[in-house]
Amino acid sequence: MMSEQTLRVFIDGVVRYFDHIDNSAVTVGTPYLVENDKPAAFDVTGIIGVTGPYRGCVYFTAPRILVKHLLLQMGERDTCAEHVFDLVGEIANTVSGNARSEFGPAFNISVPIVLEGAPDSIYLPSSLRSYVVPIYWKTYNAAVVICLSH
């Protein structure tokens with residue numbers, strides 16, 4: 001089972017990201033555990049593989065409209081699919097990169113993989129359960145999902 005302190009590293013990372021983009025508060029819901037046979041996902045998902053003392057993956061998943069709204073908030077007028085995918089990958093990478101800063105250089109993270117739609121191709125070990133951290137920004141819901149073994 002993941003410690004509250006470890007979970008807090010990922011929560012703080014996503015809060016800092018949204019604070020950096022937009023000074024309006026992002027709200028974090030109560031994290032909960034899910035079985036890995038049906039990954040939690042919205043329209044677009046950025047996945048980071050993790051190796052080292054922790055193994056598994058961390059992903060950010062959001063509805064496309066949330067990501068488009070973030071792009072506009074950042075001053076980007078073009079909200080095409082490519083920019084949506086890039087931003088989702090960037091958020092996943094930033095959240096995982098912040099964790100790497102906390103856990104040290106042995107916490108290896110992959111290049112983000114971005115998927116659209118239901119993430120059937122996400123491999124989540126059946127022997128583990130994932131923590132889903134609900135994220136509420138403006139009127140939208142998103143999530144950071146953490147599936148790591150130590």
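This structure is a prediction, so every number in the text was calculated from the model and none was measured.
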How about [X] and [Y]: do any of their side-chain heavy atoms sit closer than 4.5 Å?
X	Y	answer
Val84	Leu71	yes
Phe60	Val95	no
Ser130	Leu33	no
Phe42	Asn141	yes
Ile48	Asn93	yes
Val145	Tyr131	no

* Hey, any chance Leu72 and Trp137 share a hydrophobic cluster, counting ILVMFWY side chains that come within less than 4.5 Å of each other, even indirectly? -> no
* Asked: Same cluster or not: are Val88 and Tyr136 linked, directly or through other Ile, Leu, Val, Met, Phe, Trp or Tyr residues, by side-chain heavy atoms under 4.5 angstrom apart?
  -> no
Taking the side chain from [X] and the backbone from [Y], do they hold a donor-acceptor pair closer than 3.5 Å?
X	Y	value
Arg100	Pro105	yes
Asp43	Arg64	yes
Tyr59	Ala40	yes
Glu76	Asp78	yes
Asn108	Val50	no
Thr45	Ala41	no
His150	Pro53	yes

* Classify the angle between the aromatic ring planes of Phe107 and Tyr54 as parallel (below 30°), tilted (30 to 60°) or perpendicular (above 60°). => perpendicular
* Parallel, tilted or perpendicular, as decided by the 30° and 60° cut-offs, for the rings of Phe10 and Phe103 -> tilted
* Structure fact -> Rounded to the nearest 0.5 Å, the OG1 atom of Thr79 sits from the CG atom of Leu87 at a distance of 11.0 Å
* To do: State the CG-CZ distance between Asn98 and Arg16, to the nearest 0.5 angstrom.
  => 4.5 Å
* Asked: Of the options Asp12, Val144, Val15, which is the one that meets Val28 in a side chain to side chain contact (heavy atoms under 4.5 Å, CB included)?
  -> Val15
* Count the heavy atoms belonging to other residues, nucleotides or ligands that lie under 6.0 Å from CG of Leu128, then report whether that count exceeds 12. => yes
